[in-house]
Structures are given as C-alpha cells and as structure tokens.
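Just so you know, these numbers use all the heavy atoms, side chains as well, and skip hydrogens, waters and symmetry mates. In what follows, every chain begins at residue 1, and chains take the letters A, B, ... in the order their sequences are listed.
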Protein chains: 2
Amino acid sequence: MTDDKTSPSRRAFLKGAAMTGAGLAAGQAAAATPDPLITEVQPWASGLGDGVDATPYGLPIEHEADVIRRNVEWLTADTISSINFTPIHALDGTITPQGCAFERHHSGAIELRKEDYRLMINGLVDRPLVFSYADLERFPRQNHVYFCECAANTGMEWAGAQLNGAQFTHGMIHNMEYTGVPLRMILEEAGLGAAGDLADKWVYVEGADASSNGRSIPMEKALDDVLVAFKANGEALRKEHGYPVRLVVPGWEGNMWIKWLRRVEIMDGPVESREETSKYTDTLADGISRKWTWEMDAKSVITSPSPQAPITHGTGPLVISGLAWSGHGAITRVDVSKDGGKSWETARLAKPGEKMALTRFYLDTEWDGQEMLLQSRAIDETGYVQPTKAQLREVRGLNSIYHNNCIQTWWVRPNGEAENVEVS
Amino acid sequence: MTDDKTSPSRRAFLKGAAMTGAGLAAGQAAAATPDPLITEVQPWASGLGDGVDATPYGLPIEHEADVIRRNVEWLTADTISSINFTPIHALDGTITPQGCAFERHHSGAIELRKEDYRLMINGLVDRPLVFSYADLERFPRQNHVYFCECAANTGMEWAGAQLNGAQFTHGMIHNMEYTGVPLRMILEEAGLGAAGDLADKWVYVEGADASSNGRSIPMEKALDDVLVAFKANGEALRKEHGYPVRLVVPGWEGNMWIKWLRRVEIMDGPVESREETSKYTDTLADGISRKWTWEMDAKSVITSPSPQAPITHGTGPLVISGLAWSGHGAITRVDVSKDGGKSWETARLAKPGEKMALTRFYLDTEWDGQEMLLQSRAIDETGYVQPTKAQLREVRGLNSIYHNNCIQTWWVRPNGEAENVEVS
C-alpha cells in the first residue's frame with residue numbers, strides 16, 4: 001500500500017491525535033532551553049548566520065556528529081580489511097548519502113587518479129581492449145537506484161542475538177543512485193564472437209587494489225544488468241567506494257561489486273577464487289558448503305524504534321519505520337508484528353517497491369506503553385517471504401555466516417528502550 | 001523513451017564503436033603516467049590503502065575538489081544574503097548530494113538545535129499549537145524526490161548571455177529525496193473548523209532566521225502536497241538547508257521552501273510580504289508586475305558538453321547529457337538541437353519522468369568535429385513546451401529577472417570548448 005490521503009494509517013493516527021498534545025508537553029519539559037514563545041528574543045533570530053561562502057562543500061551539522069559509519073572492533077583483526085556500517089537507525093527515506101554509506105575493504109581504500117585509470121577487457125574476446133576513464137565516458141549511460149549488501153550482513157546473528165543496534169546487525173548495506181555504462185556494451189565493444197556459445201561462459205572481474213578481490217560472474221548476468229559505474233548519488237564515487245570506477249551487480253552480494261575495477265576477462269568457466277570458495281559460501285550442518293549463492297534474498301529490518309533509536313516519548317502515536325529489500329526484484333509487501341510474530345499488520349510502503357532497491361516502510365500506530373517484540377517480514381514480487389531464524393536454521397544449520405536474511409526481533413521495554421533478542 | 005537494450009541511441013553508438021579506439025589512444029596520450037599494462041608494479045596495487053576507520057563520514061576525494069558550490073561575487077552585496085550554485089556541469093544522474101546542493105540565504109544559515117526547535121500553528125485554527133521536533137516525528141511521514149529551484153535561476157540571462165557555465169546559468173536548483181510530514185496533517189491537528197470555507201484561505205509561513213522570509217501560500221496548495229521536512233537524501237537536513245526543519249513546496253519557487261520553519265498562520269488572505277511583492281515578481285514591458293507566479297515552468301539545460309565541461313576527446317561517440325524539470329508535473333520528452341533550434345532529435349530519458357523532480361536525459365551521438373549550437377527543449381505532461389528566449393521576451397519584455405525558463409544555447413567550437421551564447 002502506498003501513500004494516499006485516505007490511508008488507514010493516517011486515520012489511525014488521527015484517532016490518537018489528542019495524545020500529541022501530551023507528547024508536546026513532554027517535549028517541552030525535555031527541552032533544556034526556555035520555550036521560544038516565552039523568550040523575548042530567540043538568539044538564532046537576532047543576528048546573521050553563515051554566508052554561502054562558508055560551505056563550498058557542506059558536512060552534517062555538529063549536532064548530528066553521531067550519525068556516522070562505525071566498525072565493530074572485534075569483527076576483524078585490522079581496519080585495513082574491515083567493514084564500516086551505515087547508521088541506518090538514524091536515517092529515513094531510502095537514499096544513503098555516500099559519506100555514511102557502508103564500505104568494505106580487503107586491502108584498504110586506494111587512491112587511483114582518473115588519468116591513471118585503465119580498464120582491460122581480455123580473454124575470449126575478438127580484440128582485447130584497454131579503456132581510459134575518458135573512453136568510458138563516451139558510452140551510453142544508465143541511472144539506477146540499487147542496494148549493495150554485504151553477504152555477511154547480519155552474519156554475526158546466526159548463533160544468536162549478538163550486536164545491539166540496527167546499524168551493526170543490518171548496516172552492511174547502502175542504497176545509491178548509480179550512473180554507469182552497461183558492462184554488456186563494453187564487452188560487445190571488445191567483441192563476443194570469439195567466446196562462441198555464451199551460455200557457458202563467465203567473466204572474471206578484479207580490482208586495482210592489492211587484494212584484487214577477484215570474482216567470477218556468469219555471462220548471463222554480465223550481459224543483463226551489470227554496470228561499470230563512475231557516479232553515485234550524482235557525484236563521483238568517493239575514494240572508499242572505488243573511485244573512479246566500480247562494478248555494480250544489482251541484487252547480488254556486495255563482494256562482487258568490484259571497486260577500482262581494473263580488468264574483466266571472459267573465460268570458459270569460473271576461476272573459483274578465494275573470494276568465492278573459502279569465503280562467501282555457506283557451510284551447512286553436514287559440513288558441505290553451498291557455492292554460488294550470489295543473490296540476496298528478501299530481507300527487512302525495523303530501524304526505529306531499535307536499540308540505537310529508543311522511544312523517547314510517552315504512549316500514543318508512534319511511527320514504526322524500517323527498510324526492506326530483495327535481490328530477486330521489487331518488494332511488494334512488508335508486515336510488522338508487535339508480539340514476536342504471533343500477529344501481523346501490513347505496513348505502508350512510502351513508494352511502490354523498485355527492483356533491487358531499498359524500500360522504506362512505515363507503520364503509523366499507537367503505543368500503549370506495554371513491551372513489544374517488534375519484527376518485520378518482507379515479501380517480494382516473486383512471492384518469496386522473509387523466513388524466521390528458526391526456519392533458516394532448519395535448512396542451513398548453525399555453521400553459516402553469510403546470507404542471513406532472517407526476521408529480526410527487537411524487544412521494546414515499557415521505558416522505550418529496545419534490545420536485540422531472539423524469540424523461539 | 002527510457003532505457004532498453006535495443007534503444008536507437010545504443011545502436012547509434014555501436015556504429016561509431018571503432019572511434020572509441022581513437023578515443024583510447026587520445027586518453028593514453030593524455031595520461032601523464034605510464035600505461036599500467038607496461039608498468040611492472042602499479043603503486044596503488046603494491047601496498048595497503050586506508051582503513052575503514054579513516055572515513056567515519058566521508059568527503060569527496062581531493063581530485064574532485066573543484067566539484068563544489070560556488071557563488072557569483074557581483075550578484076549580491078554580501079555572502080550572508082546570497083546564493084550558492086550546484087555544480088550541475090560535473091554531476092550526473094538526478095540526485096543532488098546535500099553537500100553541493102544549491103542554497104540561498106536571506107540572513108545567513110543559522111544554528112538551531114532540535115531541542116530548541118518549535119513550530120507554531122496559529123491564526124484561524126480551532127486550537128493554536130506548538131510542536132517540538134519530537135512531536136513532528138510522531139506524525140506519518142512521506143518520502144518524495146523533488147526539485148527546489150530558485151525563481152531567480154537563469155535570471156541574469158534575460159538581457160543576454162552573461163554567465164559562462166551551466167553551474168551559474170542553471171545551478172540555482174537541487175533535487176533531493178525529502179522525508180517529512182504532510183502540512184495538511186499538522187493543520188488538521190490544530191483544527192480547520194475555525195477557518196470556515198477553506199477555498200479563500202491562505203497560510204503564512206515564516207522561518208526562525210532573522211529574515212523570517214515570510215511567504216503566503218493558498219490553502220489549496222498547503223493541503224495538497226506541501227511537506228514539513230526534516231530529512232534530505234536520508235539524513236538530517238544540513239545547517240544551510242534549514243536544519244532541523246524546512247518546508248517543501250513541490251514545483252513552486254524555492255523562496256517558498258521556508259528553512260528553519262518556525263510558524264504557520266492560517267489567514268483570510270495573503271500577507272503580500274516583501275518576498276512576494278517587491279521581490280519574486282516579474283515586471284512586464286509596461287512596468288506592471290505579475291504577482292503569484294509560484295509554479296516553475298518546464299525547463300531544461302545541457303550540462304555536458306558545456307562551458308565548464310568541454311569536449312576533451314576527438315570526433316566520434318559523444319554523450320550529450322542534461323537535466324529537465326517542470327513544476328507542473330512529469331517531464332515526458334526532451335529534444336536536443338545541434339544547430340541552434342533548426343532541427344531537433346529526441347533525447348533518451350534515463351528514467352520515466354517523475355512529478356516535480358529532475359529528469360536526466362542523454363543523446364548518445366556522433367561528433368564530426370564541427371561547431372555546434374547545442375540546445376535542449378523540455379516538454380511536460382501538460383503538453384507545455386519550453387520556450388525560446390525570443391518567445392519569452394515577446395510576452396514578458398526585458399524587465400524580468402525571475403522565472404526565466406527559456407531554451408539555453410551553448411556554442412561548441414571545433415576545439416571542443418563551449419560558450420554561453422544567444423541565437424536570434
């Protein structure tokens with residue numbers, strides 16, 4: 001259900017409108033400064049502010065200094081090969097600003113100038129080619145908003161509730177408007193005749209950083225929607241996002257979104273590199289590991305209220321909000337439960353779901369001040385329903401780390417604080 | 001026309017594919033450093049890069065240091081009441097990052113903490129109310145990508161071609177995903193019964209800064225799609241964009257998008273304030289000024305090539321790109337002319353146009369190295385066609401400053417440099 005003036009959620013809100021007065025009183029009591037209405041002069045209205053020359057490139061105001069990427073120290077041995085989590089608990093809407101968008105490096109963020117940049121296309125092609133950055137700018141471009149999720153997102157939760165905050169349990173994800181050239185066009189420029197039957201061919205993609213982070217991608221996907229991207233949210237990729245060029249592999253695990261893209265080789269089979277064998281695979285209960293688990297299944301999380309975003313007002317109108325996404329296509333519905341999955345209400349989608357992009361959902365509701373076991377459940381256009389942790393464990397056992405898309409539970413206490421818990 | 005694998009533009013590109021080889025050679029010649037293919041070790045691949053702790057909140061890489069907001073010194077007496085222009089010549093896609101998004105202040109960007117924030121609703125309401133920031137967070141929210149354009153955008157071009165660069169001729173605009181509460185819900189909370197017949201009622205909106213920048217808005221618009229917004233592109237509004245709360249008035253001139261929103265008063269008529277009488281009106285040839293010119297008409301501009309973004313490669317494949325928008329709804333078509341309006345080609349829209357949002361267009365073409373008089377012409381869902389400067393002057397004369405939505409012309413010389421010119 002999308003926004004409209006007669007949405008049930010709005011009616012639900014208006015029923016509780018009187019409560020907002022109470023919320024107001026609470027809000028004023030909470031404010032450390034006098035109410036502007038009884039202050040003779042508001043300091044911020046009594047003088048001049050900053051000139052336009054003060055912010056040639058602006059940063060968030062100091063009061064938002066806690067809305068930043070954070071890493072989890074015990075998760076990796078070194079920050080050079082580590083993860084920065086998006087502060088999703090503090091964001092709204094769907095776009096992730098590049099400055100606080102999830103990043104993951106395997107050998108650190110390198111500095112590569114546009115003038116030095118080269119992209120090599122080799123292997124089973126009619127003519128190997130090397131493109132400069134300027135060359136790439138001459139191909140037709142596309143713009144798409146896509147989510148990029150690390151396969152390890154929520155991975156630490158397999159064994160049980162471990163990290164207390166949506167930023168840390170689900171923050172290995174970002175959602176940006178990428179501008180780039182379809183990889184298909186660049187491969188066709190090199191000529192695919194030499195590859196013969198494309199059905200069983202693969203591309204091997206690697207980055208210019210020390211790790212190279214090589215991955216194999218089936219030709220079908222490479223020719224479908226993969227982008228060679230150079231802009232995100234309108235501007236150049238940030239250094240940590242692969243400046244000047246990264247690969248965008250819609251709906252597939254973030255490890256395949258090669259940063260500082262250096263080479264694409266057409267091969268007659270997968271390389272079975274470190275990054276797709278010893279890593280990014282799921283070991284099942286019997287010790288056998290699943291391979292080629294590229295697509296990210298439908299998933300969702302409630303970002304507010306959550307451990308880092310507790311309820312700070314009293315009972316009455318409460319906005320429950322979160323994010324949903326699927327690597328298989330568009331999100332069509334999100335359900336929210338307040339009782340740990342016993343009963344469900346359908347949330348309002350801020351916009352109709354878009355393929356392989358984050359969808360913002362809201363449940364405009366009333367809080368009676370009692371504890372809640374908050375859960376969200378995403379459903380995508382294929383009919384896939386986000387599973388419970390128990391359902392996922394039945395199939396995958398307890399050895400998995402990657403590809404954990406199970407339903408998340410926040411225990412909200414009467415005091416409004418929330419905690420990461422498991423419900424059986 | 002939107003993207004698809006068989007788009008004429010793509011076929012047009014592939015025809016000229018061989019030329020890319022030439023572009024490649026040029027690119028390599030231009031590179032100051034050795035070609036990576038004949039360099040034994042690429043320095044950026046021989047060591048470790050920055051750790052994830054290096055960028056808790058990232059900024060653009062130093063090599064993009066020129067992609068910033070800029071003001072025009074002669075335009076205003078002081079930067080405290082001035083304009084910062086979006087570097088649209090260097091951006092792609094449609095989203096404008098907050099850090100380089102157009103801003104305009106009348107008395108400087110003030111610092112107003114969420115705890116100190118208050119929004120007063122008074123006038124012809126059943127019960128005057130004051131909301132804290134926390135109160136606003138309890139109303140149902142909406143998310144919409146909207147453009148915000150200053151009525152003075154392109155205003156300096158009335159008398160003739162004056163500013164040499166798309167950033168300066170058309171950069172008083174940004175396009176962000178805004179998250180906020182419909183003003184309608186907040187007004188209904190205060191109760192509209194006392195206002196009686198709403199058809200002839202207005203709201204007067206003002207900011208908490210020294211200028212207050214008060215504007216009158218007809219009740220019909222106030223109850224339609226106006227938002228009381230607190231997030232842009234997912235994160236809190238930047239200080240210079242009205243932190244913590246601004247008004248969003250879709251499709252209408254930016255001066256009405258009140259920053260640091262302090263008060264909304266329901267009145268039985270417009271205030272006719274300074275900002276809507278002595279300013280933001282259009283003086284016609286006979287000296288009479290048009291009033292209530294709120295809606296921004298359909299408009300477009302080619303961002304590349306342009307004076308700040310010349311063609312740096314040789315002949316052959318060339319991507320011509322730009323932005324189109326309309327305050328009346330969605331852009332349905334954009335035409336591009338290379339000969340100053342004698343002949344037109346239909347451009348490719350990166351996505352179907354969205355209401356009151358920027359639309360990115362591309363013309364994937366071939367350049368023969370001859371001079372071009374580049375123009376773009378936007379058409380919106382109402383059938384409105386962006387006029388030439390001559391057509392606009394016939395109706396408005398030469399006294400106008402605001403609401404100049406005429407077709408822009410860039411003269412591209414054989415050396416690839418572009419200049420702002422007028423064609424008669």
**Request:** Please state whether the side chain, the backbone, both or neither of B/Ile83 comes within less than 4.5 Å of a heavy atom of chain A.
**Result:** backbone

**Message:** With a 4.5 angstrom heavy-atom cut-off, is it the side chain or the backbone of B/Thr179 that approaches chain A, or both, or neither?
**Reply:** side chain

**Prompt:** Do B/Arg113 and B/Glu115 meet the salt-bridge criterion of a basic N to acidic O distance under 4.0 Å?
**Reply:** yes

**Prompt:** Is there a side chain to side chain donor-acceptor pair (under 3.5 Å) between B/Thr94 and A/Glu177 once you walk through the steps?
**Reply:** CA-CA 8 Å; B/Thr94 62; A/Glu177 181 191 45; 2.6 Å; yes

**Asked** If you measure from the Lys or Arg side-chain nitrogens to the Asp or Glu carboxylate oxygens, is any gap between A/Lys231 and A/Glu235 under 4.0 Å?
**Response** no

**Asked** What part of B/Ala90 lies closer than 4.5 angstrom to a heavy atom of chain A: side chain, backbone, both or neither?
**Response** backbone

**Prompt:** In terms of heavy-atom proximity below 4.5 Å to chain A, should B/Glu62 be classed as side chain, backbone, both, or neither?
**Reply:** side chain

**Prompt:** Which of the residues A/His106, A/Arg70, A/Lys114, A/Arg360 is involved in the greatest number of heavy-atom pairs with chain B at under 4.5 angstrom?
**Reply:** A/Lys114

**Request:** Could you have a look at A/Ile110, A/Asp92, A/Thr96 and say which one has the most heavy-atom pairs with chain B under 4.5 angstrom?
**Result:** A/Asp92

**Test log, rule side chain to side chain donor-acceptor pair (under 3.5 Å), inputs B/Arg238 and A/Thr55** = CA-CA 10 Å; B/Arg238 299 287 173 86; A/Thr55 52; over 6 Å; no

**Message:** Parallel, tilted or perpendicular, judged at 30° and 60°: which one describes the rings of A/Tyr133 and A/Tyr117?
**Reply:** perpendicular

**Prompt:** Quick one: what part of B/Glu111 sits under 4.5 Å from any heavy atom of chain A, side chain, backbone, both or neither?
**Reply:** both

**Request:** Among A/Gly93, A/Ala210, A/Ser107, A/Pro56, single out the residue with the greatest number of heavy-atom pairs under 4.5 Å to chain B.
**Result:** A/Pro56

**Approximate separation, where rounding is to 0.5 Å, of A/Leu237 CG and A/Phe230 CZ** = 9.5 Å

**Asked** Contact part of B/Tyr57 toward chain A, heavy-atom cut-off under 4.5 Å: side chain, backbone, both or neither?
**Response** both

**Request:** May I ask you to name which of B/Ser321, B/Pro182, B/Gly51 has the most heavy-atom pairs under 4.5 Å with chain A?
**Result:** B/Gly51

**Message:** Check this for me: does any side-chain nitrogen of one of A/Lys259 and A/Glu240 sit under 4.0 Å from a carboxylate oxygen of the other?
**Reply:** no

**Request:** Would you mind checking if A/Asp50 and B/Lys239 are paired as a salt bridge, meaning a charged N to carboxylate O distance below 4.0 Å?
**Result:** yes

**Message:** Just so I understand: if I count every heavy-atom pair under 4.5 Å between each of B/Asn233, B/Ile88, B/Thr76 and chain A, which residue has the most?
**Reply:** B/Asn233

**Nearest-0.5 Å distance that lies between atom CZ in A/Arg262 and atom CD in A/Glu206** = 4.5 Å

**Complete:** Ranked by heavy-atom pairs below 4.5 Å to chain B, first place among A/Pro97, A/Ser82, A/Ala54 goes to A/Pro97

**Prompt:** Of the backbone (N, CA, C, O) and the side chain (C-beta and beyond), which part of A/Asn71 lies under 4.5 Å from a heavy atom of chain B, both, or neither?
**Reply:** side chain

**Request:** Find the one option among A/Ile68, A/Val67, A/Asn84 whose heavy-atom pairs under 4.5 Å with chain B are most numerous.
**Result:** A/Asn84

